[in-house]
Protein chains: 2
Amino acid sequence: MTVKEIISLLKQSGIQPTPQRIAVAECVLRSKRHPTADAVWTSVKRKHPTVSRATVYNTLNLLVEKQLLRTHVLTDGTTVFDPHVELHHHFIDDETGEIHDIPWAALKVKGSDLLPGFDVREYQVIMRGRRKKR
Amino acid sequence: MTVKEIISLLKQSGIQPTPQRIAVAECVLRSKRHPTADAVWTSVKRKHPTVSRATVYNTLNLLVEKQLLRTHVLTDGTTVFDPHVELHHHFIDDETGEIHDIPWAALKVKGSDLLPGFDVREYQVIMRGRRKKR
DNA sequence: GTTCGTGCAAACGGTTTGCAACAAT
DNA sequence: ATTGTTGCAAACCGTTTGCACGAAC
């Protein structure tokens with residue numbers, strides 16, 4: 001994803017593309033991981049040493065609001081940001097705590113439309129275990 | 001669940017059943033909801049006005065450690081305690097944020113054993129939507 | 001009398017907010 | 001001139017910790 005694409009994405013979403021915001025968006029949208037806000041801050045500071053934590057947090061929240069990102073809350077309460085906005089499942093590594101994305105089509109869930117009293121809008125499967133050593 | 005049952009449950013788990021701990025355990029083990037630590041504190045204070053937040057937190061963590069409770073972290077980062085330790089799924093109400101337990105047997109998930117590179121120990125389905133008005 | 005639990009208050013860590021300075025239009 | 005953005009520091013909130021007192025074996 002090029003800087004130009006990021007800028008036009010921001011504009012499309014009604015976000016003024018300032019240098020700080022572009023840097024934040026670059027970092028998190030390109031990431032294959034699921035970075036915390038602080039990880040983004042650390043990364044952005046490399047090229048933009050004066051950026052404040054507040055700006056990073058505000059920008060990330062803005063991106064979530066505009067649906068360019070999703071958030072996940074880990075079991076220890078910290079929030080991570082996920083540029084992968086399409087529906088997918090998650091696998092959480094017991095040892096490292098790393099979150100891995102699992103393609104939607106890898107699993108089939110039956111019965112969610114049959115729950116009496118519940119109108120299910122979306123769902124996802126969260127799996128826990130170990131990565132296979134191989 | 002009677003007080004006697006709770007006391008013997010605590011003893012079985014190697015937890016000394018003090019009045020405060022019994023009160024905390026009573027509150028959270030009997031609850032059909034998923035209370036936060038603060039909700040437990042508020043509730044326990046009714047009968048035990050001098051109990052401290054620290055004791056409630058310590059006791060809840062102890063119960064989790066001894067596997068009499070599970071925790072869930074909500075999207076806003078707060079932790080709730082779930083006396084329902086058997087495997088089950090969850091439905092989260094979009095409007096109220098309430099967590100509802102869904103019996104394990106209500107859903108069928110296929111494919112979790114087929115993920116290359118992942119050794120799935122457990123999984124659960126998290127659904128979001130609205131309660132049906134009826 | 002040693003161990004364990006309690007209550008208080010202070011510390012903590014991640015996140016937010018208030019505010020003054022500063023673009024940008 | 002108005003509107004919106006930034007950086008700083010302080011506030012915030014849920015949770016944990018340090019410590020002295022007190023109860024129990």
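The sequence lines fix the lettering, A, B, ..., with proteins before strands; numbering per chain opens at 1. Just so you know, these numbers use all the heavy atoms, side chains as well, and skip hydrogens, waters and symmetry mates.
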Please step through side chain to side chain donor-acceptor pair (under 3.5 Å) for the pair H34(B) and H72(B), ending with a clear verdict. CA-CA 9 Å; H34(B) 299 76; H72(B) 305 295; 5.1 Å; no
Begin with the C-alpha distance, continue with both residues' side-chain angles, and end with the deciding distance and a verdict on side-chain contact (heavy atoms from CB on, under 4.5 Å) for W104(A) and H89(A). CA-CA 6 Å; W104(A) 183 253; H89(A) 304 295; 3.3 Å; yes
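To the nearest angstrom, P of dG5(C) lies 12 Å from CG of L10(B). In this structure, the CD atom of E65(B) is 12 Å from the P atom of dT16(D), given to the nearest Å. Rounded to a whole Å, the CD1 atom of I22(B) is 13 Å from the C1' atom of dG5(C). To the nearest angstrom, C1' of dT16(C) lies 15 Å from CH2 of W41(A). dT15(D) atom C1' lies 9 Å from atom CG of N61(B), rounded to whole Å. Nucleotide dT17(C) holds its P atom 14 Å from the CG atom of L62(A), rounded to whole Å. Between the CG atom of L74(B) and the P atom of dT15(C) there is a distance of 16 Å, rounded to whole Å. At whole-Å resolution of the value, CG in D38(A) and P in dT15(C) are 7 Å apart.
If you check every strand for non-hydrogen atoms under 4.0 Å, T36(B) touches nothing.
Proximity of T78(B) to the phosphate of dC13(D): no side-chain N or O atom is located under 4.0 Å from OP1 or OP2.
With no hydrogens or angles considered, no side-chain donor-acceptor pair links D38(B) and T36(B) at under 3.5 Å.
Note: H90(A) and H88(A) have perpendicular aromatic rings, judged against thresholds of 30 and 60 degrees for the angle between ring planes. Taking the six-membered ring for Trp and thresholds of 30 and 60 degrees, F91(B) and H100(B) have ring planes inclined between 30 and 60 degrees apart.
Counting heavy atoms of neighbouring residues, nucleotides and ligands inside a 6.0 Å radius, atom CD of Q67(B) does not exceed 12 of them.
The stretch residues 48-60 of chain B touches DNA chain C through T50(B), V51(B), S52(B), A54(B), T55(B), each having a heavy atom within less than 4.0 Å of the strand.
Side chain of Q20(B), nearest nucleotide from dT16(C), dG7(C), dT15(C): dG7(C). Taking the side chain of R21(A) as heavy atoms from C-beta on, and the options dT15(D), dT16(D), dT5(D), the nearest nucleotide is dT5(D).
Comparing I15(A) and G77(B) along DNA chain D, the residue whose closest nucleotide (by nearest heavy atom) sits nearer the 5' end is I15(A).
Closest of all the heavy-atom pairs between G77(A) and V73(B) is CA-CG1, 4.1 Å.
For the pair R131(B) and F118(A), the cation-pi criterion (under 6.0 Å, within 45° of the ring axis) is fulfilled.
Here the straight-line distance linking atom CG of L68(A) with atom CZ of F81(A) works out to 12.5 Å at 0.5 Å rounding.
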Could you write out each protein N or O paired with an N or O of nucleotides 22-25 of chain D at a distance under 3.5 Å?
none

